[in-house]
Amino acid sequence: MEGGGGVTKFEVQQNNLSRVPNTKPPFTVGQLKKAIPPHCFERSLLSSFYYVVCDLSLAFILYTATTFFHLLPQPLSLIAWPIYWVLQGCILTGVWVIAHECGHHAFSKYQWVDDLVGLILHSALLVPYFSWKISHRRHHSNTGSLDRDEVFVPKSKSNVAWYHKCFNNRIGRAVSLLITLTLGWPLYLAFNVSGRRYDRFASHYHPYAPIYSDSERLLIYVSDVSLFCVAFFLYRIATLRGLVWLVCVYGVPWLIVNGFLVTITYLQHTHSSLPHYDSSEWEWLKGALATMDRDYGILNKVFHHITDTHVTHHLFSTMPHYHAMEATNAIKPILGEYYQFDNTPFYKALWREAKECLFVEPDEGTSQNGVYWYRNNFS
């Protein structure tokens with residue numbers, strides 16, 4: 001049933017996941033760490049650069065292939081471009097994930113190497129590396145907190161804007177998802193859309209935004225200068241090769257990267273089985289466990305397993321991605337019902353969560369008023 005109706009019994013069965021327990025876990029982070037083989041925490045500069053070289057090589061091969069598209073007969077030349085866009089968007093999403101690891105100091109033992117690699121890779125994808133690194137670090141420190149988390153902070157029913165109810169139907173949902181997947185990431189960076197509420201204007205490009213402390217402002221300038229250099233470089237390419245060429249080779253894959261980034265992040269933290277907490281109930285471990293591993297098929301590997309090892313990533317964010325699956329398998333028996341994995345195809349899950357997870361409210365008639373769950377019934 002469409003509209004403002006509640007979740008049906010059929011939809012609950014389809015989710016096939018019980019709620020994450022919101023009580024204090026019967027294990028500690030130290031116990032989880034002991035269960036993981038020690039080598040999983042080792043960061044190899046050689047291994048990390050291997051994945052950088054592989055991803056960039058694949059991206060270059062795909063770019064080189066575009067120089068031969070004009071030689072293909074019609075309509076193959078027209079079909080080749082969409083194939084290129086999707087493949088290049090997936091590969092560059094993997095590059096984004098590696099830069100994300102740099103932001104967590106999971107790339108190598110050397111902070112300066114991580115920051116240099118992260119700055120180069122993220123700037124090439126028009127991401128303000130240090131600006132995002134700082135806010136993302138706060139997200140990891142406050143995951144699941146309605147008061148202090150930095151991104152995808154759900155609203156209570158009373159705080160949902162009136163126009164969201166107008167989008168609570170198939171057409172509205174499709175339009176909303178289209179806008180979110182194409183513009184959501186730039187809007188978050190520029191205007192903190194879907195982010196934590198601040199008492200004044202917050203932007204990842206603004207060195208004096210309330211997101212940052214005085215000691216961090218110089219790094220925001222570094223991020224901005226790097227982005228300006230990349231933007232100028234793209235402008236020069238557009239003047240030499242043409243705007244249409246730049247959009248086809250770089251622009252469309254960049255939009256696909258943004259779409260995947262929003263999808264991955266949204267689905268990691270949005271599911272009817274995941275709780276959110278106010279300050280009276282929130283604890284770091286409870287918040288870190290209120291995340292969801294997802295199955296993206298072959299893209300799990302392309303995206304360096306940020307999709308299906310996200311719970312482990314929130315528990316041990318400095319662990320390199322090439323050890324995360326082994327670590328996940330090691331701690332799942334200890335996590336038990338605190339571990340959440342949804343094997344619903346991501347495109348189906350995206351539509352389902354957009355329909356079911358509209359706002360959060362505590363359960364009625366319970367003593368735990370500080371625990372909030374997703375709802376979709378506006379009536």
* Asked: At their closest point, which heavy atom of P253 faces which heavy atom of C248, and how far apart are they?
  -> CD-O, 3.8 Å
* Heavy-atom closest pair, residues P37 and A330 -> CD-CB, 4.2 Å
* Can you tell me if T28 uses its side chain to pair, donor with acceptor, with the backbone of Q31 under 3.5 Å? -> yes
* To do: Quick one: sort the H269 and H139 rings into parallel, tilted or perpendicular, breaks at 30° and 60°.
  => perpendicular
* Donor-acceptor under 3.5 Å (D293 side chain, V311 main chain) -> yes
* Asked: Do E216 side-chain atoms and I134 backbone N/O form a donor-acceptor pair below 3.5 Å?
  -> no
* To do: Taking the side chain as every heavy atom from C-beta outward, state whether L299 and T307 have any pair of such atoms under 4.5 Å apart.
  => no
* Which atoms form the tightest heavy-atom contact between G195 and V153, and what is the distance? -> C-CG2, 4.3 Å
* Asked: Ignoring hydrogens and geometry, is there a side-chain-to-backbone donor-acceptor pair from S203 to A190 under 3.5 Å?
  -> yes
* With a 4.5 Å limit on heavy-atom distance, are the side chains of R196 and Y198 in contact? -> yes
* Exam field: side chain S141 to backbone R137, donor-acceptor pair closer than 3.5 Å -> yes
* H304 side chain near E101 side chain, heavy-atom distance below 4.5 Å -> no
* Chi angles and distances behind the side chain to side chain donor-acceptor pair (under 3.5 Å) call for H104, T318 -> CA-CA 6 Å; H104 283 291; T318 59; over 6 Å; no
* Between S48 and L45, is there a donor-acceptor pair closer than 3.5 Å when you use the side chain of the first and the backbone of the second? -> no
* Under 4.5 Å between any side-chain heavy atoms of T23 and K286, yes or no? -> no
* Asked: Please walk me through it: do D278 and N369 pass side chain to side chain contact (heavy atoms under 4.5 Å, CB included)?
  -> CA-CA 9 Å; D278 66 17; N369 292 325; over 6 Å; no
* To do: May I ask you to say whether K133 pairs ionically with D115, meaning some side-chain N is under 4.0 Å from a carboxylate O?
  => yes
* Asked: How are the rings of H100 and W96 set to each other: parallel, tilted or perpendicular (split at 30° and 60°)?
  -> parallel
* Look up atom SG in C357 and atom OH in Y266, then write down how far apart they are to the nearest 0.5 Å. => 5.5 Å
* Looking only at heavy atoms, what is the nearest atom pair of R148 and S279, with distance? -> NH1-CB, 4.4 Å
* Side-chain heavy atoms of P275 within contact of Y372, under 4.5 Å -> no
* Would a 4.5 Å heavy-atom cut-off, applied to side chains only, mark F260 and F346 as touching? -> yes
* **Side-chain (S317) to main-chain (H313) donor-acceptor, under 3.5 angstrom** => no
* **Any donor-acceptor N/O pair, Y322 side chain to S44 backbone, under 3.5 Å** => yes
* Asked: Which of parallel (below 30°), tilted (30 to 60°) and perpendicular (above 60°) describes F378 and F359?
  -> tilted
* Answer yes if the ring centres of Y63 and Y84 are under 6.0 angstrom apart, and no otherwise. => no
* **Beyond-backbone contact of L267 with E353, side-chain heavy atoms, under 4.5 angstrom** => yes
* Could you give the distance from CG (L17) to OH (Y339), rounded to the nearest 0.5 Å? -> 10.5 Å
* Asked: Hey, does H105 have a side-chain heavy atom less than 4.5 Å from the side chain of R43?
  -> yes
* Give, for atom CG of L261 and atom CH2 of W185, the distance between the pair rounded to the nearest 0.5 Å. => 5.0 Å
* Check the angle between the aromatic planes of H39 and H323 and answer parallel, tilted or perpendicular using the 30° and 60° thresholds. => perpendicular
* Taking the six-membered ring for Trp and the single ring otherwise, decide whether the centroids of H122 and W132 are under 6.0 Å apart. => yes
* Please work out which of the three classes, parallel, tilted or perpendicular, describes the rings of H136 and H140, given edges at 30° and 60°. => perpendicular
* Establish, for the pair K33 and F41, whether the NZ or CZ atom is under 6.0 angstrom from the six-membered ring centre and no further than 45 degrees off its axis. => yes
